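Just below is one structure, and these are the notes that go with it.
Since we're looking at a predicted model, the values are computed, not measured. In the text below, chain A, chain B and the rest are named by the order of the sequence lines, each starting its count at 1.
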Amino acid sequence: MPELPEVETIARGVNDRVKGDLITEAWFGSHSEPFKTPPAQQTDGLEGRRIVAVHRTGKHLVCELGPPSGAPLPNHGSALKDALNTPLDASQDLPAAQWIVHLGMTGRLLVTFPSNPVAAHTHARLRLASGRELRFVDPRRFGRLEFRDLAHTAAFAAAGADPLTIGKDEFASLFRGRRLAIKAALLNQELLTGVGNIYADESLFHAGIRPRTMAGRLTRPRLEKLRLALCEVLEHSIRLGGSSVSDYVDADGVRGFYQLEHCVYLRTGQPCRCCHSPIRRILVAGRGTHYCPSCQR
DNA sequence: CATTTCACCTGGTGGC
DNA sequence: TGCCACCAGGTGAAAT
């Protein structure tokens with residue numbers, strides 16, 4: 001289940017490998033679910049565009065694309081860097097389109113080569129001028145692919161705030177007056193983007209907060225403790241390449257290691273790493289939720 | 001309007 | 001061994 005650290009890891013890996021590359025050919029599968037923009041429209045939009053950069057916004061991967069074909073090829077290093085750093089007046093250097101990838105539950109964005117065997121449930125293949133191929137694979141098809149032409153559409157923007165950059169006051173105000181469990185609030189992407197089941201459970205453990213605690217009843221010091229725990233957990237996980245609990249892999253197909261650091265997630269019945277009480281599993285907002293009955297009050 | 005529930009999918013699990 | 005009911009969870013639509 002790709003959440004913020006997994007998506008950040010993939011974004012960095014994909015960016016390192018395809019930044020500056022040219023999309024020569026786009027192929028899409030026939031299942032309708034993954035396409036927020038119709039496949040034909042994505043093909044038309046993507047072919048002939050250069051990938052300026054790939055980054056993460058919440059749980060979304062955003063590929064910033066240059067103008068359609070014919071754009072002069074900058075020599076990879078300096079000219080591209082200039083294009084990224086140039087202020088708003090040089091409009092032809094601005095990203096002219098975006099390809100937005102949401103991985104859902106089981107999605108993968110992989111950088112391989114056309115000769116490599118195509119995995120089952122591959123829904124998109126982008127051939128690149130370098131000889132590489134960018135592939136989107138998603139067995140459950142909860143993921144989404146969207147193309148935005150910035151000449152006609154606004155740039156992608158997340159509804160919620162990024163937990164890594166949000167300040168103390170803004171964080172506290174997100175939960176004021178809310179009459180739902182703090183766990184449910186953490187999962188709400190309109191409040192915070194990027195937090196899913198793993199990091200909600202882990203951050204609540206590190207903050208010593210019960211998942212069912214009413215969000216609006218938490219004191220400011222406890223909310224600040226939660227914000228800091230969330231930052232630490234997310235940053236630590238990014239350093240370890242994310243959590244591989246089911247089938248998550250990065251852009252190169254490599255697993256992460258943060259699952260080894262989990263204190264509560266999927267540790268039902270196992271002793272708490274802190275006090276040795278058995279970890280409990282309950283249902284909150286319809287989702288499996290793990291916590292330590294003694295460390296979290 | 002805020003909150004809760006459910007459907008969307010497939011692969012993995014466990015019962016028989 | 002094989003078949004099948006059941007569950008997982010991110011998101012958005014529908015229900016409360």
- request: Look at all strands and tell whether A:Arg176 reaches a base, only sugar-phosphate, or nothing, counting heavy atoms closer than 4.0 Å.
  value: nothing

message: Using whole Å, what does the distance between atom C1' of nucleotide C:dG12 and atom NZ of A:Lys59 come to?
response: 13 Å

statement: Here the distance between atom P of C:dG10 and atom CD of A:Glu33, to the nearest Å, is 19 Å

Whole-Å distance separating the CD1 atom of A:Ile198 from the C1' atom of C:dG9: 10 Å

- prompt: How is the hydrophobic cluster of A:Trp27 composed, in terms of its other members, when Ile, Leu, Val, Met, Phe, Trp and Tyr link through side-chain heavy atoms under 4.5 Å apart, directly or indirectly?
  reply: none

message: Distance check needed: C:dG9 P versus A:Gln189 CD, whole Å only.
response: 15 Å

statement: Taken in chain and number order and not counting sequence neighbours, the residues that satisfy ring-ring contact (aromatic ring centres under 6.0 Å, His included) with A:Phe113 are none

message: Base, sugar-phosphate or nothing for A:Gly288? Non-hydrogen atoms, less than 4.0 Å.
response: sugar-phosphate

- request: Would you mind classifying the nucleic acid contact of A:Arg144 as base, sugar-phosphate or nothing, using non-hydrogen atoms under 4.0 angstrom?
  value: nothing

- request: Could you check how far CG of A:Asp201 sits from P of C:dG10, rounded to whole Å?
  value: 10 Å

- line: So salt bridge (Lys or Arg N to Asp or Glu O under 4.0 Å) across residues 184-195 of chain A, not counting sequence neighbours, yields none

- line: The correct list of stems in which DNA chain B takes part (3 or more consecutive Watson-Crick or G-U pairs, distances under 3.5 Å) is B:2-8 with C:10-16, B:10-16 with C:2-8

- line: residues 111-122 of chain A vs salt bridge (Lys or Arg N to Asp or Glu O under 4.0 Å), sequence neighbours excluded, gives none

- request: Have a look at A:Gln98 and tell me which of A:His60, A:Glu64, A:Arg148 forms a side chain to side chain donor-acceptor pair (under 3.5 Å) with it.
  value: A:Glu64

task: Could you go through the side chain to side chain contact (heavy atoms under 4.5 Å, CB included) check for A:Asp138 and A:His121 one step at a time?
output: CA-CA 6 Å; A:Asp138 183 14; A:His121 311 293; 5.8 Å; no

- request: Please go through A:Leu283's hydrophobic cluster and name the other residues, only I, L, V, M, F, W, Y counting, with side-chain heavy atoms under 4.5 Å joining them.
  value: none

field: Pair listing, ring pair (Phe, Tyr, Trp, His ring centres under 6.0 Å) test, anchored in residues 271-297 of chain A, at least two apart
entry: A:Tyr265-A:His290

statement: So the ring pair (Phe, Tyr, Trp, His ring centres under 6.0 Å) pairs with at least one residue in residues 174-227 of chain A (sequence neighbours excluded) are A:Phe171-A:Phe175, A:Tyr199-A:Tyr258

- request: Name all pairs fulfilling the side-chain hydrogen bond (donor to acceptor under 3.5 Å, both in side chains) condition that reach into residues 208-221 of chain A, sequence neighbours left out, sorted by first residue then second.
  value: A:Asp169-A:Arg220

field: Interface residues of residues 262-269 of chain A with DNA chain C (non-hydrogen, below 4.0 angstrom)
entry: A:Tyr265

Sequence neighbours excluded - salt bridge (Lys or Arg N to Asp or Glu O under 4.0 Å) pairs with any residue from residues 230-243 of chain A: none

query: Rounding to the closest angstrom, what is the interatomic distance between B:dT3 and C:dG9 at atom P?
result: 22 Å

task: Tell me, with the steps shown, if A:Leu109 and A:Val54 meet side chain to side chain contact (heavy atoms under 4.5 Å, CB included).
output: CA-CA 12 Å; A:Leu109 192 64; A:Val54 181; 5.5 Å; no

- prompt: Where does the chain A footprint on DNA chain B start and end, counting 5' to 3' with a 4.0 Å heavy-atom cut-off?
  reply: B:dT3 to B:dG11

query: When rounded to the nearest Å, what value does the distance between P atoms of B:dC9 and C:dA14 take?
result: 15 Å

- prompt: Roughly, in whole Å, what's the span from CD in A:Glu3 to C1' in C:dA8?
  reply: 13 Å

message: Distance check needed: C:dG9 P versus A:His290 NE2, whole Å only.
response: 7 Å

Length of the CG-C1' vector between A:Leu283 and C:dA8, whole Å: 11 Å

